[in-house]
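Each remark here refers to the structure printed beneath this line.
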Amino acid sequence: MTTNSTVQARSNGTGFQQHEVLISARDVTVGFGSKLVLENLSLDVHRGEILGFVGASGAGKSVLLRAVLGLVKKRSGSIEIFGVDVDGASEDARLAMDMRMGVLFQHGALFSSLSVLENIQVPMREYLDLPRKLMDELAMLKIELVGLPRDAAGKMPYQLSGGMIKRAALARALALDPDVVFLDEPTSGLDPIGAAEFDELVGKLRDTMGLTVYMVTHDLDSLFSVCDRIAVLGQKRVLVAGTIEDMLASDDPWVRSYFRGKRARQIDTTAQKRG
Ligand SMILES: Nc1ncnc2c1ncn2[C@@H]1O[C@H](COP(=O)(O)OP(=O)(O)OP(=O)(O)O)[C@@H](O)[C@H]1O
Ligand SMILES: [Mg+2]
């Protein structure tokens, strides 16, 4: 397991321009009926980073993710992805953008009626017109990439463990070789060893493929061990964004209790052991 600082060192060594902004949200407001969930929220996601996105349950983490993906309408503000303003983008540009983004949703990670192989091929069928044999080969490559055994390909989701389901869902998110993946609580429900292995895989994919990772998580272990930067959602906006050290130094009461509470201190020790 890598520590946060070694991950940073490696990401700096991969040749990416530091702080190249891949996704930029500015003054984004999203609401449902009379209730605002996000209000004038601004956030940048940098190329090649693993950004951990935290906040209380119901704070709007999944809503922001859906807004970035264009699945929830914003009331105001702007979102630029790969330098293109999503509101002004043509249909073709939007399609091209969508193909460069992979998603592991919080709920319903896999389609239950499709095998692992077929699940991974869903984005390929949606966006590409490829012969069956080639799709099978590409899907097998993804299965290997995420560390699943080859015989997982023909299995149905109910035949998989929780950890295997997350890996298969990650393989589907990677189906089109995206530049950025959005992972909404990818380690929830996994035991600590399974979660650590998943984190390690995410770090490896970032290091080897130059993937940008936007990871919504409640998992303090992930935040300490694999995330380069953390953004905290609260009061309908990003309260603070920065390194784990910035979180530990923050005076915001929620950030303090989240990162410096009793549980956090225990996790800190664990993270050091894992490092
Ligand atoms: N389609 C919708 N219609 C109405 N309200 C919604 C809709 N989607 C989300 N909400 C509301 O928006 C708020 C934020 O929800 P969201 O799912 O983003 O929370 P979250 O931060 O992801 O929480 P968790 O950590 O529990 O996943 C909640 O109050 C939720 O009920
Ligand atoms: Mg959520």
Side-chain angles (χ1 to χ4, degrees), residues 23-45 50-79 81 86-87 98 101-111 162-163 165-166 169-170 172-173 180-192 194-195 198-199 202 212-227 229-242 244 247 250 252-261 263-264 267:
I23 297 171
S24 171
R26 285 288 168 276
D27 301 319
V28 169
T29 297
V30 178
F32 300 100
S34 58
K35 184 182 154 191
L36 289 185
V37 176
L38 309 174
E39 194 172 12
N40 294 325
L41 175 146
S42 294
L43 176 70
D44 284 340
V45 182
I50 301 179
L51 177 74
F53 198 65
V54 298
S57 195
K61 301 180 297 296
S62 296
V63 166
L64 176 62
L65 198 151
R66 298 178 83 83
V68 170
L69 292 168
L71 302 172
V72 164
K73 268 200 151 174
K74 56 186 166 44
R75 296 211 174 141
S76 59
S78 65
I79 297 176
I81 304 177
V86 293
D87 293 326
D98 288 345
M101 300 190 286
V103 195
L104 190 162
F105 285 107
Q106 182 173 11
H107 303 291
L110 293 176
F111 295 111
I165 286 176
K166 299 288 186 181
L170 180 63
R172 190 177 64 190
V180 52
V181 285
F182 298 88
L183 311 176
D184 199 345
E185 304 203 16
T187 57
S188 70
L190 300 187
D191 66 63
F198 191 93
D199 286 343
V202 170
T212 302
V213 182
Y214 178 110
M215 179 156 67
V216 177
T217 184
H218 285 294
D219 190 334
L220 282 162
D221 233 350
S222 303
L223 294 165
F224 275 90
S225 64
V226 82
C227 294
R229 222 160 53 88
I230 294 160
V232 180
L233 180 64
Q235 295 158 36
K236 307 187 180 72
R237 60 191 174 84
V238 173
L239 285 175
V240 45
I244 194 80
M247 300 302 126
S250 171
D252 179 88
W254 192 88
V255 178
R256 275 178 77 99
S257 63
Y258 196 86
F259 289 95
R260 290 158 66 183
R263 211 170 131 243
I267 297 290

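Start at 1 and go down the list; that is how both ligands and their atoms are numbered.
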Quick check: does any side chain N or O of Ser24 sit under 3.5 Å from a backbone N or O of Asp44, one acting as donor and the other as acceptor?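 No, Ser24 side chain to Asp44 backbone: no donor-acceptor pair under 3.5 Å.
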
Using only atom types and a distance under 3.5 Å, with no angle test, would you say the side chain of Lys74 pairs donor to acceptor with the backbone of Val68?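 No, Lys74 side chain to Val68 backbone: no donor-acceptor pair under 3.5 Å.
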
Collect the protein residues that have a non-hydrogen atom under 4.0 Å from ligand 1 and hand them over in chain and number order.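 If the criterion is a heavy atom under 4.0 Å, then ligand 1 touches Phe32, Lys35, Val37, Ala56, Ser57, Gly58, Ala59, Gly60, Lys61, Ser62, Val63, Gln106, Glu185, His218.
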
Just so I know, are the side chains of Val63 and Phe32 near enough to count as touching, which here means a heavy-atom distance under 4.5 Å?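 Side chain of Val63 against side chain of Phe32, heavy atoms only: contact under 4.5 Å found.
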
Can you list everything that forms a side chain to side chain donor-acceptor pair (under 3.5 Å) with Thr217? Sequence neighbours excluded, please.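 Side chain to side chain donor-acceptor pair (under 3.5 Å) list for Thr217, sorted by chain: empty.
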
Sort out for me which residue in Leu233, Val238, Asp27 forms a side-chain contact (heavy atoms from CB on, under 4.5 Å) with Leu38.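 It is Leu233; the other options fail the test.
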
Locate the shortest heavy-atom distance separating Arg229 from Ala241; write the atom from each residue and the value.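 That would be NH1-CB, 4.1 Å.
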
Show the nearest heavy-atom pair for residues Pro186 and Val216, with the distance to one decimal.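 Pro186 and Val216 have their closest heavy atoms at CD-O, 3.5 Å.
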
Ignoring water, what protein N, O or S atoms are under 2.8 Å from the Mg ion (ligand 2)?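 Ser62 OG, Gln106 OE1, with waters left out.
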
Separation of Phe198 CZ from Met215 CE (nearest 0.5 Å):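 It comes to 8.0 Å.
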
What residues, two or more places apart in sequence or in another chain, satisfy ring-ring contact (aromatic ring centres under 6.0 Å, His included) together with Tyr214?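 Testing Tyr214 for ring-ring contact (aromatic ring centres under 6.0 Å, His included), a comparison that skips the adjacent residues, returns Phe53, Phe182.
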
